[in-house]
Structures are given as structure tokens and as C-alpha cells.
Amino acid sequence: MAQDVLCEVKNCKYWAHGNKCAADAIYVVSHTGKEASDQKETDCQTFEPKL
């Protein structure tokens, strides 16, 4: 489990100093349905397909 969640969107209400995300939960979506084949199909910059 990630210790730090980073965010570069400074106008988000959950953005905190040091580009940290202060939200209680994170919601990541796929633009192509329930599965994605690469990072460009998600809103997650750290996405990697499960092998």
C-alpha cells in the first residue's frame, strides 16, 4: 500500500503542501470501461497492467 499519494493539481481541495493528497480515499477511473491496457486509458499516472 502506498505511503504517500502525490497530487500536482494545486486547485484541488485535497491538495496539500509538498504535492501530497490529503483525501481519505482515492478514486481512479478507466476511460475504456472496467479494464485498461495502458496508463493513457486511465486517470492514474502510475497504472501498470496486472500480469
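Position 1 is the first residue of the sequence; numbering continues from there. Computed from a predicted structure; not experimentally measured.
Evaluation of the side chain to side chain donor-acceptor pair (under 3.5 Å) rule for Ser37 yields Glu41 as partners, not counting sequence neighbours. Residues meeting the side-chain contact (heavy atoms from CB on, under 4.5 Å) test with Ala22, sequence neighbours left out: Ala16. Shown here are the side chain to side chain donor-acceptor pair (under 3.5 Å) partners of His31, two or more places apart in sequence or in another chain: Asp43. Residues that satisfy the salt bridge (charged side-chain N to carboxylate O under 4.0 Å, His left out) test with Asp24, not counting sequence neighbours, are absent from this structure.
The CG atom of Asn19 sits 11.5 Å away from the CG atom of Asp4 when rounded to the nearest 0.5 Å.
Contact between Ser30 and Glu35 at its shortest, heavy atoms only, is OG-O, 3.2 Å. Across Thr42 and Phe47, no two heavy atoms sit closer than the pair OG1-CB, 3.7 Å.
Listed by chain and number, the hydrophobic cluster partners of Ile26 are Val5, Val28, where partners are ILVMFWY side chains within reach of under 4.5 Å, directly or through others.
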Atom pairs and distances, donor-acceptor, side-chain atoms in residues 7-14, under 3.5 Å, two or more places apart:
none

